[in-house]
Colleague: 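Okay, handing you the structure first.
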Amino acid sequence: MPTADPVVSAIAEKYRNNPTYVLQILRETQEALDWISPETVETVAAQLKIPRTRVQSVLQFYSFLYDKPRGRYRILFADNITDRMAGNIALFEHMLSRLKLKRGEVSSDGQVSVDLTSDTGMCDQGPAMLVNNRAIPRLTMRRIDEICALVKERVPLEEWPADYFRVEDNIRRRETLLTSIAPGVALDAAIARGRQGMLDEIKRSNVRGRGGAGFPMGTKWEGARNAPGAERYIVCNADEGEPGTFKDRVLLNSFSVRVLEGMAIAGYATGATKGFIYLRGEYKHLQAKLQREIDEMRASGRLGASIRGAPGFDFDIEIHMGAGGYICGEGTAMVESLEGKPGRPRVRPPSMVQVGYRGKPTVVDNVESLAHATEIAVEGGAHFAKRGTRFSTGTKLLSISGDCERPGVYEYQFGVTIGRVLEDCGAKAISAVQIGGASGVLLTPDDFSRRIAFEDVPTAGAFMVFGPDRDIFEVARNFAQFFAHESCGFCTPCRVGTTVQRNIMEKIAEGRGSRYEINELKRVVAFMQRTSHCGLGETAGNAVRDALSKFRPAFERRLRAKDFEPAIDLERALEPARRITGRDDAEAHLETES
Amino acid sequence: MAETTFTIDEMPIPFTPGQTILEAAKAAGIYIPHLCYHPELKAHGGCKMCTVLVNGRPQTACTQKAAAGQEVDVDTPELNAMRRTLVQMLFIEGNHFCPGCEKSGACQLQALGYEYEMLTPHFVELYPERKVDASHPDVLIEFNRCVLCELCVRASRDIDHKEVFGIAGRGRDAHLVVNSPTGKLGDSALAVTDRAVQVCPVGAIIVKRVGFAAAPIGERIYDKSPISAEVDVNESSEAR
Amino acid sequence: MSTAGQEKVKVRLATTSLAGCFGCHMSFLDIDERLFELAEIAEFDRSPLTDIKHCGPCDIALIEGGVCNTDNVHVVRELRANAKILVAVGACAINGGLPALRNKLDVNAILTQVYRDPKTGEPCVPNSPELPLPLDMVYPVNEIVRVDYSLPGCPPSGDAIWKFLTDLILGRMPRLDYSLLNYD
């Protein structure tokens, strides 16, 4: 039995030593101790009475948990393609050189480490970084210098200028969703309709899930409501990990009343009494504010028992923090993560509405979908359905970033053309738009008359704009790196395929590609799409596929004019032996074959 | 009308409610390839070898329940090519050097390579750096050969009730971990008689002091007949 | 058109062994009396059997062994440039095989461990330009040049080599029966 660390013990006690909360316990322990040592693993395992391997499996799954010392300041630069376009790599390298560090390495005084991470949901105000999970957007060289000085002087993070951490909403266009509804109004409206009435209105509205898949929300709610058993759960998917999206960040920041009351309405209509907000680790800056809002709702009778005096309308909400893992945005992976496990997607069927959180019927809905529930409660489903198109009712938030004058969040009725959106955000002379994030589609001007709608171009809202000078190969390469990093490792095709895809893209990027690699890419992309366990693997090759078919010259100009190139860089492979033998004669080199 | 059959490659197959496609096929003497499936253990569905087309859609036969009227494709050129690619990916992901492996001839990964006529792993080798754990007196783990099927994880948890193994890490970093204070097998509760030791389909968990003595080349299980002939023999490659 | 009176054009074969053990070549000899049959239809270019040092244009090249140094690279390039069909033969040519077990070790650590001055015990790695410089790892042939076919086995049996070769020479897609397909 390891000696119990009082810090760890106190945190575990706070969660009643419940193993379901192991991820939360590890997160908070790391905030106190900077990393999770093997001794901490032993303590947590012993205190929660679970095998240490379960603690390890969680610790090593999430990007923001460290099983090796990482320093007091753990700095991660966001590395989405939009951050790259905004010059994040120059800033990153500047910081490394100022702090005399290599990527991912801890400084000799054990104070600081600097590395890259996936998109952090700040594409409209990048380049961005996370310091101990706190977001700092709008980085400049000067800001980097200032931060280096603060780090060197060991100024506690809490004392850094508050302005650094200011995150803007950047709302550029509003319709009905980006409009406040006074606290309690939507809840009262739902209560007036009754549980069945509320469900009927959701069905009547034809509102479809805003997370991208577009599953009818009414069908989902009804499925959970009709599933056997008394215990049900609502999960608000606030993981927003798709590169290029950030609209949920804005909803959670400025329209949290609508999101939280939307969750309660979902509870009311389905009979669930407990809700979770699964908040991505990158949005830690929103946690305290949301918690205050939840506490305030509880105090004012908008959460808790008999909400707004309606007998039996009991509902409460708990925030669950993520810790870096794109896959947790997938519904079943999210529920696994909520249960204190690695976020690996489950085998389906059964569906979540039958067997979800802790085996109980569970509704997982996107932040934006749940916010719409308040609108439907107030105005009714038929009214809601008048907006948008026949198959895609209501409005949609778009997260617009990249080469445009006014990046930010735009609300449109479904059916808006891509051309119109580009015009509104001040995007001129565009060569391509990536819609739906890394897993989405790459569209060129020929497609700009197409519409944002589930029946035409579906999207969870990411809308990244690329001007004529952008190299689309680099876009696809960035996304290939992203998927190789984010694959959960559960199934063979995605675990290996995303790495194979990434390695081929790197080979081409180094100028060592040939036609052979192009054919291999096509093959691997099709293979992953066909055989992967979940949507991550199925879509992991989309960006490469689209870039290949629409921007072939971006690949061609990097290829050697041959049909085959060695898999490896032969000159690099000889380097170690040249060093040890001190040789540099002609025979100690391998020229590229002409 | 109470239908109790579905079809595999256009042949009617009977099933009992609750049976998976893989189980029903097995009962009917039809081979569906698999690596991470074991009849004694809860299905996993990760290796994807048992992918079949159910009414045209790819599904894992080890997790998908049989249903009346389903049309299932198992033995098609497209699916078999896909299975070969899966085996190739598993080969390049680890360090699989058959000539030096005690399990050779009784290894299911190798046998699947033979079944789907894999002549080369094709993809660029990843040559990962993995260590061997020989700390246990009777059993060693050759992590180089692990294919992450999680059979040992499940067997140790659900049959041996010891939970000696787990999977940690994400994506390409996913790896088997041992539940002991040092992380070493020798300090764990594993016994050589554990089911977890026997279910390994490859040469990752090896019983010491057996070596290549199990059977001479030519007499080993897959020397004599292909893995697809195994359909009605319960996991015959085990512990050889 | 008749070919009577003309000498039959023979298939030209080249073979080589790189980072391997020559076991595949020994297995090749295991085709035994079929060598006479082979001699009827084929002749050898560069091969340990002929001691021809450099390859000319040929039809089929069989490569045994992985690629571990500069010389190996030159050889596979020469065979690739000259052969219409290039075959990786045996486990080492296909995935590095046993020599690739060194791949997880640092090549410099190996060299300084192996080459020591007998008197002082200090490392003295030979550095003559005549010696082929080792690569950082042992690579499968298909990672260095394009390979057309692979014939697995450690070694492939004489029967497997015969079947594969005769299929190729007769213009058939080479196909190995279950009993001929082995990785060990």
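Since we're looking at a predicted model, the values are computed, not measured. Sequence lines set the chain letters: A, B, ... in the order given, protein chains first and strands last, and positions in each chain run from 1.
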Colleague: Does any part of the side chain of B:Lys26, heavy atoms only, come nearer than 4.5 Å to the side chain of B:Pro39, both counted from C-beta?
Modeller: yes
Colleague: Can you tell me if CZ on A:Arg515 sees more than 12 non-hydrogen neighbours from other groups inside 6.0 Å?
Modeller: no
Colleague: Nearest 0.5 angstrom please: A:Met505 CE to A:Arg558 CZ, how far?
Modeller: 8.0 Å
Colleague: What part of B:Leu126 gets closer than 4.5 Å to chain A, counting heavy atoms only: side chain, backbone, both or neither?
Modeller: side chain
Colleague: By a 4.5 Å heavy-atom criterion (distance strictly below it), what part of B:His44 contacts chain A: side chain, backbone, both, or neither?
Modeller: both
Colleague: Examine whether an atom of B:Val153 lies under 4.5 Å from a heavy atom of chain A, and if so say whether it belongs to the side chain, the backbone or both; otherwise answer neither.
Modeller: neither
Colleague: Chain B heavy atoms under 4.5 Å from A:Arg523: which part of the residue, side chain, backbone, both or neither?
Modeller: side chain
Colleague: Between A:Glu520 and chain B, with a heavy-atom cut-off of 4.5 Å, which part of the residue counts as in contact: side chain, backbone, both or neither?
Modeller: side chain
Colleague: Heavy-atom distance under 4.5 Å to chain B: side chain of A:Thr498, backbone, both or neither?
Modeller: neither
Colleague: Which answer fits B:Glu150, side chain, backbone, both or neither, if we ask what part of it has an atom under 4.5 Å from a heavy atom of chain A?
Modeller: side chain
Colleague: Can we call the ring centroids of B:Phe123 and B:Phe91 under 6.0 Å apart?
Modeller: no
Colleague: For residues B:Cys146 and B:His175, determine if any side-chain heavy atom of one lies less than 4.5 Å from a side-chain heavy atom of the other.
Modeller: no
Colleague: Where does A:Thr531 contact chain B at under 4.5 Å (heavy atoms): side chain, backbone, both or neither?
Modeller: both
Colleague: Which atoms of A:Asn503 are under 4.5 Å from chain B, going by heavy atoms: the side chain, the backbone, both sets, or neither?
Modeller: side chain
Colleague: Chain A heavy atoms under 4.5 Å from B:Leu176: which part of the residue, side chain, backbone, both or neither?
Modeller: neither
Colleague: Can B:Ser104 and B:Gln110 be counted as having a side-chain donor-acceptor contact under 3.5 angstrom?
Modeller: yes
Colleague: Can you tell which part of A:Pro38 gets under 4.5 Å to a heavy atom of chain B, answering side chain, backbone, both or neither?
Modeller: neither
Colleague: Run the numbers on A:Arg52 and B:Glu163 for side-chain contact (heavy atoms from CB on, under 4.5 Å), then give the verdict.
Modeller: CA-CA 10 Å; A:Arg52 57 178 71 73; B:Glu163 201 151 345; over 6 Å; no
Colleague: Contact part of B:Val124 toward chain A, heavy-atom cut-off under 4.5 Å: side chain, backbone, both or neither?
Modeller: side chain
Colleague: Sort A:Phe527 into side chain, backbone, both or neither according to what part of it lies under 4.5 angstrom from a heavy atom of chain B.
Modeller: side chain
Colleague: Does any heavy atom of chain B fall under 4.5 Å from the side chain of A:Pro342, the backbone, both, or neither of them?
Modeller: neither
Colleague: Go through the atoms of A:Val524 and report whether side chain, backbone, both or neither lie under 4.5 Å from a heavy atom of chain B.
Modeller: side chain
Colleague: Under a plain distance cut-off of 3.5 Å, with no hydrogens placed, do A:Glu39 and A:Ser37 share a side-chain donor-acceptor pair?
Modeller: yes
